[in-house]
Amino acid sequence: MIDFRSIRLEDRAWIDHCRDLGKHPFSALSFPSLFVWQRDYGLVIGGDPDFFVVKSKHDGGYFAPCGDEEKCERFLEEAFCEEGKQKVLYLTKEQAERAASEGGYRLRHAPNLSEYICSSKALAIQEGHVSYTYRKKCRKFAQEFPYTAKQIEPEDIPKFLKLVAWWEAAFGRKKMDLDATRLSLENYEALGMQGVTIRTQEGYMAFIIGFPSALDTYTMSMVKYDLRLTPSVVMVSIHEQAKRLTASFPFCNLEEDLGIQGIRQAKLQCAPIRMQEVYVIEK
């Protein structure tokens, strides 16, 4: 039996060692994502130096095991011998089809968890296609709120934490990502986070943070802003971050939409060039 526990900052080297980016491309399996979302999704981790698996109390299942192939296969066999309904999330189609054929598990596509992949140059409005709405929102916001943008520095973090506190006072637990945003800011350097902050002429601020999730892909998330600004600042934040990524990361991962219509519509406005499709196997 595997002993599960909370995810610690010192687990980063272990997770990075075991996670093959080609086999496990999903941002949800990256260390920064696992660490900051562990409270909201009840994530716990277990394994040995060459293998790890994450269990999600929220999803009632396991994330795809990473590391030594034999140990991963053995884990799946043991997991599906447990009593009650079992499932494993964040599998590629190939992995899920192989597991279903070899183990007799049910396979299903999980579109709500699938991740939106966009061109960095397109989001930077340099090359490629983005929607008319995306361009319009970026242009209109710049006209209404002339701003400057810069890379986030450590000294900016306390101001952003105050902004998160403002959101908590305004929305409470309706905004599920506030705890994850706070954890990202409090552990900004340890998690390898990067980001951009926007400041308008009136002194209103917004920020976007994220992290490299693959050799050619950067995951963007956690946009928060002064509530006196219009929501179009989200698109502007994505645009400004993308401008700084094109030389190093040709692709941006905007993560999943969780089946929330408003989030889905916003991400489609960024004209994703493909989806990293998530598959699930169930007992």
Side-chain donor/acceptor of [X] to backbone N/O of [Y], under 3.5 Å:
{"X": "Ser101", "Y": "Arg98", "value": "yes"}
{"X": "Glu102", "Y": "Ala99", "value": "no"}
{"X": "Arg106", "Y": "Lys283", "value": "yes"}
{"X": "Arg12", "Y": "Leu191", "value": "yes"}
{"X": "Asn187", "Y": "Ala190", "value": "no"}
{"X": "Ser56", "Y": "Gly60", "value": "no"}
{"X": "Asp68", "Y": "Glu70", "value": "yes"}
{"X": "Trp167", "Y": "Leu227", "value": "no"}
{"X": "Ser237", "Y": "Val233", "value": "yes"}
{"X": "Tyr105", "Y": "Val280", "value": "no"}

Can you tell whether the side chains of [X] and [Y] come within less than 4.0 Å, N to carboxylate O?
{"X": "Arg8", "Y": "Asp11", "value": "no"}
{"X": "Lys243", "Y": "Glu240", "value": "yes"}
{"X": "Asp226", "Y": "Lys162", "value": "no"}
{"X": "Lys93", "Y": "Glu277", "value": "no"}
{"X": "Glu256", "Y": "Lys267", "value": "no"}

Any non-hydrogen side-chain atom of [X] less than 4.5 Å from a side-chain atom of [Y]?
{"X": "Tyr218", "Y": "Asn253", "result": "no"}
{"X": "Tyr225", "Y": "Val234", "result": "yes"}
{"X": "Gln194", "Y": "Ile209", "result": "no"}
{"X": "Tyr62", "Y": "Leu76", "result": "no"}
{"X": "Lys224", "Y": "Leu178", "result": "yes"}
{"X": "Gln38", "Y": "Ser6", "result": "yes"}
{"X": "Lys55", "Y": "Leu43", "result": "no"}
{"X": "Asp48", "Y": "Lys71", "result": "yes"}

Assess whether side chain to side chain contact (heavy atoms under 4.5 Å, CB included) is satisfied between Gln86 and Glu282, documenting all intermediate values.
-> CA-CA 6 Å; Gln86 302 298 334; Glu282 297 176 314; over 6 Å; no
Could you go step by step and tell me if Leu113 and Leu258 meet the side chain to side chain contact (heavy atoms under 4.5 Å, CB included) rule?
-> CA-CA 6 Å; Leu113 298 179; Leu258 300 176; 4.3 Å; yes
After noting the C-alpha distance and the side-chain angles of Leu245 and Cys252, does the key distance pass the side chain to side chain contact (heavy atoms under 4.5 Å, CB included) rule?
-> CA-CA 9 Å; Leu245 296 174; Cys252 293; 3.8 Å; yes
Of the non-hydrogen atoms in Val236 and Cys138, which two are nearest, and what is the gap between them?
->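 What the structure gives for the nearest pair is CG2-CA, 3.9 Å.
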How far apart are the C-alpha atoms of Tyr134 and Leu123, what are their side-chain angles, what is the distance that settles it, and do they pass the side chain to side chain contact (heavy atoms under 4.5 Å, CB included) test?
-> CA-CA 9 Å; Tyr134 178 90; Leu123 293 178; 3.8 Å; yes
Test log, rule side chain to side chain donor-acceptor pair (under 3.5 Å), inputs Gln95 and Thr92 = CA-CA 5 Å; Gln95 291 167 338; Thr92 64; 3.3 Å; yes
Is there a side chain to side chain donor-acceptor pair (under 3.5 Å) between Glu94 and Tyr279 once you walk through the steps?
-> CA-CA 9 Å; Glu94 180 183 4; Tyr279 285 81; over 6 Å; no
Should [X] and [Y] be counted in the same cluster of Ile, Leu, Val, Met, Phe, Trp and Tyr side chains packed under 4.5 Å apart?
{"X": "Val44", "Y": "Leu29", "value": "no"}
{"X": "Val88", "Y": "Tyr41", "value": "no"}
{"X": "Val164", "Y": "Val36", "value": "yes"}
{"X": "Phe80", "Y": "Leu89", "value": "no"}
{"X": "Phe75", "Y": "Leu91", "value": "yes"}

A quick test of your reading: do over 12 heavy atoms of other residues, nucleotides or ligands sit less than 6.0 Å from [atom1] of [X]?
{"X": "Glu186", "atom1": "CD", "answer": "yes"}
{"X": "Leu9", "atom1": "CG", "answer": "yes"}
{"X": "Lys150", "atom1": "NZ", "answer": "yes"}

Within 45° of the ring axis of Tyr116 and under 6.0 Å from its six-membered ring centre, is that where the NZ or CZ of Arg274 lies?
->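 The answer is no, since Arg274 fails at least one limit relative to Tyr116.
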As an exercise, state the distance from [atom1] of [X] to [atom2] of [Y], rounded to the nearest 0.5 Å.
{"X": "Lys159", "Y": "Leu185", "atom1": "NZ", "atom2": "CG", "answer": "12.5 Å"}
{"X": "Met205", "Y": "Ile198", "atom1": "CE", "atom2": "CD1", "answer": "11.5 Å"}
{"X": "Thr133", "Y": "Gln265", "atom1": "OG1", "atom2": "CD", "answer": "10.0 Å"}
{"X": "Asp177", "Y": "Thr181", "atom1": "CG", "atom2": "OG1", "answer": "4.0 Å"}
{"X": "Phe52", "Y": "Cys18", "atom1": "CZ", "atom2": "SG", "answer": "6.5 Å"}
{"X": "Arg19", "Y": "His24", "atom1": "CZ", "atom2": "NE2", "answer": "8.5 Å"}

I would like to know whether Lys137 and Gln269 meet side chain to side chain donor-acceptor pair (under 3.5 Å); could you show each step before the answer?
-> CA-CA 10 Å; Lys137 285 184 175 181; Gln269 289 170 10; 3.2 Å; yes
Take Lys23 and Glu69 through the salt bridge (Lys or Arg N to Asp or Glu O under 4.0 Å) test and state the conclusion after the steps.
-> CA-CA 11 Å; Lys23 294 179 182 178; Glu69 289 189 11; 2.4 Å; yes
Hey, mind stepping through Ser27 and Thr219 against side chain to side chain donor-acceptor pair (under 3.5 Å) and telling me if it holds?
-> CA-CA 7 Å; Ser27 176; Thr219 291; 3.1 Å; yes
Report the relative orientation of the aromatic rings in Phe63 and Tyr90; use parallel for angles under 30°, tilted for 30 to 60°, perpendicular for over 60°.
->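 Because their plane-to-plane angle is over 60°, the rings of Phe63 and Tyr90 count as perpendicular.
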